[in-house]
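A short worksheet on the structure shown next.
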Amino acid sequence: MINRDVAFWDDVASHPMVSPHVFMDREPSSLAPLVQHEGVLPLASKNGGVLFVSIDPLGMVREMHTMYKPEGWGREVALFGKQFVEEAFKVCSLITTNEQEGHWRSAPPKSYGWKPSGGFREVGLSKRVRLWLLTREAWIASPVGRKMQCQ
């Protein structure tokens with residue numbers, strides 16, 4: 001599940017259907033500094049995965065970056081996504097992510113307990129983004145989180 005293989009992540013991020021959303025019209029580059037950083041929890045399945053990046057000094061808050069090649073869209077993301085969130089909450093209390101306006105795949109699943117924090121905003125990137133938050137408590141109380149607790 002934990003995967004620090006830079007070649008794997010660079011392959012996923014450079015896929016033509018993925019790259020525009022990862023790099024948001026900036027020049028693509030290697031994810032090595034991110035994937036190899038000790039403050040990042042890189043969880044992968046066959047066609048992609050999730051990077052949980054620590055954004056506070058204590059590691060209690062993680063920013064989630066999801067990237068999958070088209071072969072992993074749908075069933076693979078649904079199967080592994082809940083496992084990845086469960087794993088992340090072993091080391092943090094709050095997860096954030098950003099939804100890119102006009103890119104529905106970037107919206108987190110509400111069935112996990114995600115809540116938007118305001119509307120879309122200009123942030124100096126090519127797309128406006130909306131911040132989403134997921135607390136450990138909201139995850140445990142969500143339909144998917146409750147099901148994970150029963151396993």
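Just one of His65, Lys127, Gln100 meets the side-chain contact (heavy atoms from CB on, under 4.5 Å) condition when paired with Ser106; it is Gln100.
Listed for the Asp10 side chain is a donor-acceptor partner under 3.5 Å among the backbone atoms of Leu31.
Here the closest non-hydrogen pair linking Tyr112 and Leu134 is O-CD1, 3.3 Å. What you find for Ile140 and Arg146 is that their closest heavy atoms are O-CG, 3.2 Å.
Under the ring pair (Phe, Tyr, Trp, His ring centres under 6.0 Å) criterion, His37 pairs with no residue, sequence neighbours left out. Residues that satisfy the side chain to side chain donor-acceptor pair (under 3.5 Å) test with Ser126, not counting sequence neighbours, are Asp25. Looking at residues two or more places apart in sequence or on another chain, you find no side chain to side chain donor-acceptor pair (under 3.5 Å) involving Asp5. For Arg4, there are no side chain to side chain donor-acceptor pair (under 3.5 Å) partners two or more places apart in sequence or in a different chain. Residues passing the salt bridge (charged side-chain N to carboxylate O under 4.0 Å, His left out) test with Glu76, sequence neighbours excluded: none.
Sequence neighbours left out, the pairs with a member in residues 57-69 that pass salt bridge (charged side-chain N to carboxylate O under 4.0 Å, His left out) are Asp11-Lys69.
For the pair Pro109 and Lys82, the minimum side-chain heavy-atom distance is 4.5 Å or more. For the pair Ser29 and Phe23, the minimum side-chain heavy-atom distance is below 4.5 Å. Looking only at side-chain heavy atoms (C-beta outward), Leu41 and Leu51 stay at 4.5 Å or farther from each other.
Using a 4.0 Å cut-off between a side-chain N of Lys or Arg and a carboxylate O of Asp or Glu, Glu99 and Arg130 qualify as a salt bridge.
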Set out, in order, the CA-CA distance, both residues' side-chain angles and the distance that settles side chain to side chain contact (heavy atoms under 4.5 Å, CB included) for Thr97 and Trp114, then state yes or no. CA-CA 9 Å; Thr97 197; Trp114 286 96; 3.7 Å; yes
